Amino acid sequence: TTTTNNNNNTPTRLQIPAAKLITPNAQPINPTGAGNAYAAAYAAAQSLGHCSQYKAACIATGVGAVVCEYNHLPPWEWSVMERICDAAREVSDGRRCME
C-alpha cells in the first residue's frame, strides 16, 4: 500500500507481509475475491477516521487471507472474525495492530 498522508505529502510505502494460511497445505483454497475483500476492508477501516493506514492494511490483509481459506465466501461468524483478528496481529510485525 502506498500512501501520502505525511507532513510533506511525499509517498510513504507500507509493507505488510502475507498472513499464513490455515489450510491443509498452507496454500489458498480459492483466492477468488481476496483482492476485492482486501480493498473493501482497507477502505472501510480508513473511512472510520480513527484507524491508521498501517492498522487498516493489517486488518485488510487478515480479511484477504481468510477469504483464501474457503471454497466460497467465508461464513461471517465469530470464529471467522477471530481468525481475521489473529491474521491481522500476525502481520503487524510486533506493532499494536488491533486494539
Side-chain angles (χ1 to χ4, degrees):
T1 303
T2 302
T3 64
T4 56
N5 267 359
N6 54 21
N7 291 338
N8 59 3
N9 233 14
T10 58
T12 301
R13 183 170 173 87
L14 295 176
Q15 291 186 309
I16 309 296
K20 292 180 183 113
L21 299 179
I22 300 179
T23 60
N25 61 0
Q27 295 296 312
I29 291 175
N30 183 356
T32 303
N36 290 344
Y38 176 96
Y42 183 83
Q46 280 287 275
S47 72
L48 297 175
H50 58 76
C51 186
S52 72
Q53 292 170 339
Y54 180 79
K55 186 174 178 179
C58 290
I59 293 166
T61 299
V63 170
V66 170
V67 167
C68 289
E69 295 174 350
Y70 290 84
N71 272 327
H72 304 288
L73 286 176
W76 295 110
E77 51 194 34
W78 283 113
S79 62
V80 174
M81 299 301 150
E82 289 170 353
R83 170 67 187 118
I84 291 168
C85 289
D86 290 345
R89 284 187 195 102
E90 173 194 331
V91 300
S92 69
D93 192 30
R95 298 187 204 177
R96 292 189 61 123
C97 188
M98 303 293 294
E99 293 177 352

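Keep in mind it's a predicted model, so treat the numbers as computed, not measured. Residue numbers run from 1 in the order of the sequence given.
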Inset, instruction - Please list, chain by chain and in numerical order, all residues satisfying side chain to side chain donor-acceptor pair (under 3.5 Å) with S79, sequence neighbours excluded. - result: E77
Legend entry - CD1-CZ distance between I59 and R89, expressed to the nearest 0.5 angstrom: 10.0 Å
Review item, side-chain donor-acceptor pairs of residues 20-35, under 3.5 Å, at least two apart:
from, atom 1, to, atom 2, distance (Å)
T23, OG1, A26, N, 3.0
T23, OG1, Q27, N, 3.0
T23, OG1, Q27, O, 2.8
N25, OD1, Q27, N, 3.1
N30, OD1, T32, N, 3.0
N30, OD1, T32, OG1, 2.8
N30, ND2, N71, O, 2.8

Which atoms form the tightest heavy-atom contact between [X] and [Y], and what is the distance?
X: A87; Y: A19; result: CB-CB, 3.9 Å
X: C51; Y: Q46; result: O-NE2, 2.8 Å
X: C58; Y: I16; result: SG-CD1, 4.2 Å
X: A37; Y: V67; result: CB-CG2, 3.7 Å

Inset, instruction - Would you kindly confirm whether Y70 and M81 end up in one hydrophobic cluster when ILVMFWY residues are joined by side chain heavy atoms under 4.5 Å apart? - result: yes
Inset, instruction - Please check if W78 and V66 belong to a single hydrophobic cluster, counting links between Ile, Leu, Val, Met, Phe, Trp and Tyr side chain heavy atoms closer than 4.5 Å. - result: yes
Inset, instruction - Please say whether more than 12 non-hydrogen atoms of neighbouring residues, nucleotides or ligands are located less than 6.0 Å from CH2 in W76. - result: yes
Legend entry - Check: Y42 and V63 side chains under 4.5 Å, non-hydrogen atoms: no
